[in-house]
Asker: 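Mind looking over this structure? Questions follow.
All ligand and atom numbering here is 1-based and tracks the order in the structure. We number each residue from 1, following the sequence as shown.
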Amino acid sequence: MSPQERDLPAGLHPETEAVRRATARSQYGENSEALYLTSGYVQPSAEAAARRFAGDEEGFTYGRYGNPTVASFEQRLAALEGAEACMSTASGMSAILMMCMGLLKAGDHVVCSQSMFGSTIKLIGSDLAKFGVESSFVPQTDLAAWKAAVRPGTTRLLFAETPTNPLTEVCDIAALADLAHENGALMAVDNCFATPVLQRPMAMGADIVMHSGTKYLDGQGRVMAGALCASRKMVTEKFLPVLKSAGMTLAPFNAWVVLKGLETLDIRMKAQAAKALALANWLEAHPGVGRVYYPGLASHPQHELAMAQQSGCGGAVLSFDVKAADADQARRRAFHVLDAMQWLSLATNLGDTKTMCAHPASTSHGRLTEAQRQAAGVGQGLIRVAVGLEHTDDVAADLDRGLSTLPA
Ligand SMILES: *Cc1c(COP(=O)(O)O)cnc(C)c1O
């Protein structure tokens, strides 16, 4: 479904596309894009209805298949990612499910990083395994391990997320896309952390860009949303049929919120990344802090790659280890820092204007065994900070309440 787009000249900059790209205005000339709350569409004639349901004519038929507000969000995100088309979904996870249902069958093989979002590992590694889809999980930054995991003839998809959560490990998108294509596979990138403002994976050779719109695209932590950007052919032939039969449709209201969120994505990402860098520098100099994980710091192992791949920006998520002698003390001290905060949000979401702090070892990575957690590098002293738009001095002062009074 690609309903009539607004008449805009070619070659507009992403900031302009983010504000202007949408479906055509209604006869009322609304300046802010309309929110169409309707599940059905009145058809002009029985013949037209037949053509539309057969896919021979543009036009909306039923809310599960498409909606003008949802289409505006899809057209805008596709423009930002430099993709021909986009298919939105109810959440980031349902976008991954749509991608796998559309592209894979029993016997096919997927290679993913072992540092991917926890639910992604569960969906691909366990849930899809029940349907005969095989998978391998490899170290994020080890290209040789990705190579060794590819099974020529059965590997259909390489799927990476960069930077990762919570340790901000960065992988080389162009190198992985080459590896995928040399083996007849597709390259998909979860671009949730960097967003198209900092990183455009299609330009580096990726075939599919996946989003959790719940994070920076919304930007104020209000609604769930997801999306897949790809070629028009892939969207219409592989993803649209899944949407029609499985119905992971994005609600029009949520699409409208995320559509409006995209209008400020550029200034939010740049401002939040600048504040994250300032906070990372402050943390690195703090005597109560061990290692700081942030791609914008020269001490980050993939700093140069990150700067080349992410428009010279580290993104807005960082993590740090509270200094401690052992795991027990580390956990006690990390909890102390989180509980000493007066107004920073103790929350596991990210991508909000409000800075959120979390303890990954007992929340997002809480279901892992201690050995798995150690392999993932997520220690008991690790605190993740999703940096928002507050003044850095205030954020630092709220973290310092605990960091300067660490218990024994
Ligand atoms: C949150 C998140 C997801 C899942 O998105 P939902 O909208 O919560 O379903 C996937 N990948 C990354 C990197 C995320 O942070």
Asker: With a cut-off of 4.0 Å, which atoms of ligand 1 are near a heavy atom of Glu161?
Answerer: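 Those qualifying, in numeric order: 13 (C).
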Asker: Tell me, yes or no, whether the heavy-atom count around Phe137 atom CZ, taken from other residues, nucleotides or ligands under 6.0 Å, exceeds 12.
Answerer: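 For Phe137, atom CZ is crowded (more than 12 foreign heavy atoms under 6.0 Å).
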Asker: Between Glu390 and Lys275, is there a salt bridge with N-O shorter than 4.0 Å?
Answerer: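 No, no charged N to carboxylate O under 4.0 Å.
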Asker: Within a distance under 4.0 Å of any heavy atom of Met224, pick out the atoms of ligand 1 and give their elements.
Answerer: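 Listed by number with element: 6 (P), 7 (O), 8 (O).
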Asker: Assess whether atom NZ of Lys215 is packed by more than 12 heavy atoms of other residues, nucleotides or ligands within 6.0 Å.
Answerer: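 Atom NZ in Lys215 is packed in, count exceeds 12.
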Asker: Tell me which one of Thr214, Thr162, Thr164 gets a heavy atom nearest to atom 7 (O) of ligand 1.
Answerer: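 Among Thr214, Thr162, Thr164, the closest heavy atom to atom 7 (O) of ligand 1 belongs to Thr214.
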Asker: Give, for atom OG1 of Thr154 and atom CG of Leu104, the distance between the pair rounded to the nearest 0.5 Å.
Answerer: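 Answer rounded to 0.5 Å: 11.5 Å.
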Asker: Using salt bridge (charged side-chain N to carboxylate O under 4.0 Å, His left out), reason through Asp127 and Lys130 one step at a time and then give a plain yes or no.
Answerer: CA-CA 6 Å; Asp127 298 328; Lys130 286 195 300 191; 5.0 Å; no
Asker: Using a 4.0 Å heavy-atom threshold (strictly under), name the region of Ala225 that reaches ligand 1: side chain, backbone, both or neither.
Answerer: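 Within the 4.0 Å criterion, Ala225 contacts ligand 1 through backbone atoms alone.
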Asker: Heavy-atom contacts with Asp190 under 4.0 Å: which atoms of ligand 1 show up? List them by number with element.
Answerer: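 Result: 10 (C), 11 (N), 12 (C), 13 (C).
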Asker: Please state which protein non-hydrogen atom is closest to atom 9 (O) of ligand 1 and give its distance, to 0.1 Å?
Answerer: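 Checking every protein heavy atom, the shortest distance to atom 9 (O) of ligand 1 gives Met93 N, 2.9 Å.
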Asker: Kindly check if the number of other-residue, nucleotide or ligand heavy atoms within 6.0 Å of CZ (Arg25) is above 12?
Answerer: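 More than 12 within 6.0 Å, yes.
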Asker: What I want to know is whether Thr120 and ligand 1 share at least one N or O pair that is separated by under 3.5 angstrom.
Answerer: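 Checking ligand 1 against Thr120, no N or O pair falls under 3.5 Å apart.
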Asker: Starting from atom 4 (C) of ligand 1, find the nearest protein heavy-atom neighbour and note its residue, name and distance.
Answerer: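 The answer is Phe117 CE2, 3.4 Å.
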Asker: Looking only at protein heavy atoms, which one is nearest to atom 1 (C) of ligand 1, and what is the separation?
Answerer: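 For atom 1 (C) of ligand 1, the nearest protein heavy atom is Lys215 NZ, 1.4 Å.
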Asker: Which of these passes side chain to side chain contact (heavy atoms under 4.5 Å, CB included) with Tyr293: Val317, Leu382, Leu283?
Answerer: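 Exactly one option meets the side chain to side chain contact (heavy atoms under 4.5 Å, CB included) with Tyr293, and it is Leu382.
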Asker: Among all the protein's non-hydrogen atoms, which is closest to atom 6 (P) of ligand 1, and how far away is it?
Answerer: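 Nearest protein contact, heavy atoms only, for atom 6 (P) of ligand 1 is Gly92 N, 3.4 Å.
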